[in-house]
Amino acid sequence: MTQNQELATRFEELAALMEIVGANTFRVSAIRKVARILEDLDVDITTIAHDTKELKAIDGIGDGSATKIQQWCERGSFDDLDQLREDVPEGLIDLLSISGLGPKTVGRLWREADVTDRATLKAAIDDGRLANLPRMGAKTIANINEALEFAQQHADRTPLGVAMPLAESLVEQLLQVKGVSSIQYAGSLRRGCETIGDIDLLAVTEHPEALVAAFTDEAHTLKVLARGDTKASIRHALGVQVDLRIVEADAVGGALLYFTGSKEHNVLLRERARSRTTRLNEYGLFPDDGDDTPPQQRGIAPIAAATEDEIYTALELPFHPPELREARDDITNEPADDLIVRADIGSDLHTHTTASDGVLSIEELVDEARRRGYHTLAITDHSPSQPQANGLSIDRLLKHIKAIAQVAANHQDICVLAGTEVDILSDGRLDYPDDVLSQLDLVVASPHAALRQDSNAATERLVRAASHPLVHIIGHPTGRMIGRRPGLEPNMKVVAEAAADHRTALEINANPRRLDLGDKHVRIAIESGAMIAINTDAHTAEHFDFLRYGILTGRRGGLTAPRCINTWANDTLMDWLKTSV
DNA sequence: CTTCTGCAGAAGAGCGTGTTACGACACGC
């Protein structure tokens, strides 16, 4: 973990502990805000911590947080955190992640029933201690018990690659229900986050009862959590919670905006609304007449509600695509208007055949690429250091180049490039000699082993590879696997600057288990002037469809079409391949 | 805890749903 992330985690921990002991909610959210700032900060916090003025110049960091940051940099912890860690059992923080348990309840369970972690919670349920507490009825206890069991069996977040196909199939099924005129997913899924907490579906229908019934009866429903007139929630067999909200057609924009989030973006929008004597809620933007009763309940007509665009316009803000609603920039900043879209992509430059560990032949890969309308496809099998992936020896590679050339000769409508995914060894050297690499049209260089080396070594390793004159693309630069391993933690700014200097592209590997570069790295890479590639690393035909995840990640990082080499026409691409330095 | 307006003190997003006890509270987004 980088220093900034490490410290951000400490601030998150502090916020959770403060909540449990019942601190003022605004103090808690101020601490959470600092955690977010630290995560997004593009300079190493330890390098500026000594300068109190510079720290406090960051919006959201004041006296209190500056002191905490400085203490942490000096001794790896800070007073307020130490004190709360002493007072509060650490297992309680974990309980907050269990659905239905919030800070108030967890605090009570601890003070009134000696609950300190999952095990003691389970014991307190089983021996009936919980039932003795006020406001702990049979239903509440049963819900906690089920949520606890569910949490033991499932990860608390679902990978994008699982959630999106599931959401799409639910949308398709529910569209068949009589009376449904529209249904779409919102939430972190629509924003293209790499993992999803739960799936939010937003529907317009003439028969809400029928839709709620169809939704809660869905064959893969494990449990119905809520079932109202306008809202229902289920736990799906795949381990995800799915929420359905039914809204009026003329308020879809307000609802979509609200349920898409992020929460922080919503707060900014609502603050903006308030500063203009209006109020924004999930029913739209309303005039603020000082009456506390929600305006839609008093028959007040909204200023804007039907579309998101209308609401942004009424707030005199630029439209923000869902992927850019993370509150990372000033909300009045105009997002790029040429943010990359799927239709921009004309090539896939990282794919595998049966020669290494893919399941398709060269010809079959070409068919898949043609079907998607690509003008260029690069075949990039593994190098010898990946014996488990059947990496190609030099001899096999040379023969493979000829085989690729033969297939290429049979296709006039697509340019098929002979390439490699050559291993970046732990010291930054490559797994093939230069005289072999120089015979290839395209070289993707990727780290596969030694993914736990320290940050400095990782930076040097990637800089060396990015600076190699024969390397065109650094494939999945960190080697991370989401939810499984963190991968390399290089100083991405330094790597990206080297890549920019040598006109080497950094890949967004679109495999949803990787998404590597991740959105934050994409942003750093772009700010450093590096070019980006979006490749699927396809090993099967279905993998070509991973492209969408790569696009979402690119958009979250602010990637515009011209910056992405896969949007270039074939001749531009070929010029670049030949003149890389 | 931080920011902002005015230098000390206020303000900080807003709502539906479920549970429990019939108005209040906690939760989650």
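In what follows, every chain begins at residue 1, and chains take the letters A, B, ... in the order their sequences are listed.
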Does A/K231 reach a base, just sugar-phosphate, or nothing at all? Heavy atoms under 4.0 Å. sugar-phosphate
Does a side-chain N or O from A/Q297 land closer than 4.0 Å to OP1 or OP2 of B/dC15, or not? no
Nearest-angstrom distance, P atom, B/dG14 to B/dC7: 27 Å
Output the rounded distance in Å from CD (A/E19) to P (B/dA26). 13 Å
Heavy-atom count check: over 12 atoms from other residues, nucleotides or ligands less than 6.0 Å from A/Q152 CD? yes
Measure from the side-chain heavy atoms of A/K104 and tell me the nearest of B/dT20, B/dA13, B/dA26. B/dA26
Polar side-chain contact A/Y283-B/dC15 base: donor and acceptor under 3.5 Å: no
Of all the choices, B/dC1, B/dT19, B/dC15, which nucleotide is nearest to the side chain of A/E282 once you look at every atom? B/dC15
Quick check on B/dT17: is either OP1 or OP2 less than 4.0 Å from any side-chain nitrogen or oxygen of A/T230? yes
Are any of A/S99's side-chain N or O atoms less than 4.0 Å away from OP1 or OP2 of B/dC27? no
Within the 4.0 Å heavy-atom criterion, would you say A/S29 contacts the bases, only the backbone, or no part of the nucleic acid? nothing
Do you see a donor-acceptor pair shorter than 3.5 Å between the side chains of A/D309 and A/T307? no
Check every strand shown and say whether A/N143 touches a base, only sugar-phosphate, or nothing at a heavy-atom separation below 4.0 Å. sugar-phosphate
Of the nucleotides B/dA13, B/dC1, B/dG18, which one has an atom closest to the side chain of A/K68? B/dC1
Can you tell me how far apart OG1 (A/T553) and CG (A/D516) are? Round to the nearest 0.5 Å. 10.0 Å
Taking atom C1' of B/dG16 as reference, at what distance in whole Å does atom CG of A/L244 sit? 14 Å
Assign A/Q241 to base, sugar-phosphate, or nothing according to its heavy-atom contacts below 4.0 angstrom with the strands shown. nothing
What are the two closest heavy atoms between A/A314 and A/L285, and how far apart are they? CB-CD2, 3.6 Å
Over all strands shown, is A/N266 touching base, sugar-phosphate only, or nothing at heavy-atom distances under 4.0 angstrom? nothing
Which is true for A/L280 with a 4.0 Å heavy-atom rule: it touches a base, it touches only sugar-phosphate, or it touches nothing? sugar-phosphate
Minimal heavy-atom distance between A/P287 and A/A301, with the atoms involved, is CD-O, 3.9 Å
How would you label the contact of A/S233 with the nucleic acid (heavy atoms, under 4.0 Å): base, sugar-phosphate, or nothing? nothing
Give a yes/no answer on whether the side chain of A/R274 brings an N or O atom under 4.0 Å of OP1 or OP2 in B/dA11. no
Students often get this wrong, so: under 4.0 angstrom with heavy atoms, is A/L101 touching a base, only sugar-phosphate, or nothing? sugar-phosphate
Would you mind classifying the nucleic acid contact of A/K56 as base, sugar-phosphate or nothing, using non-hydrogen atoms under 4.0 angstrom? nothing
Is A/G60 touching bases, backbone alone, or none of the nucleic acid, heavy atoms closer than 4.0 Å? sugar-phosphate
For the side chain of A/D200, starting at C-beta, report the closest nucleotide among B/dC1, B/dC29, B/dC15. B/dC29
Pairwise P distance, B/dG16 and B/dA11 [rounded to whole Å]: 24 Å
Considering every strand shown, what is the Watson-Crick or G-U wobble mate of B/dT5 when both distances are under 3.5 Å? B/dA8
Any idea which of B/dA13, B/dC27, B/dT19 is nearest the A/K139 side chain? B/dT19
Go through B/dA26, B/dA13, B/dC1 for me and flag the one nearest to the A/T105 side chain. B/dA26
Do A/Q241 and A/I234 have side-chain heavy atoms sitting under 4.5 Å apart? no
Side chain of A/R27 only, heavy atoms from C-beta on: which candidate in B/dC1, B/dC15, B/dG18 is closest? B/dC1
Got a donor-acceptor contact below 3.5 angstrom from the A/R298 side chain to the A/T293 backbone? yes
Look at all strands and tell whether A/R32 reaches a base, only sugar-phosphate, or nothing, counting heavy atoms closer than 4.0 Å. nothing
Considering every strand and a 4.0 Å limit on heavy-atom distances, what is the contact class for A/A186: base, sugar-phosphate, or nothing? nothing
So if I take every side-chain heavy atom of A/R135 and compare against B/dC29, B/dA24, B/dG12, which nucleotide ends up nearest? B/dA24
Provide the distance between the two C1' atoms, one in B/dG23 and one in B/dT19, to the nearest whole Å. 13 Å
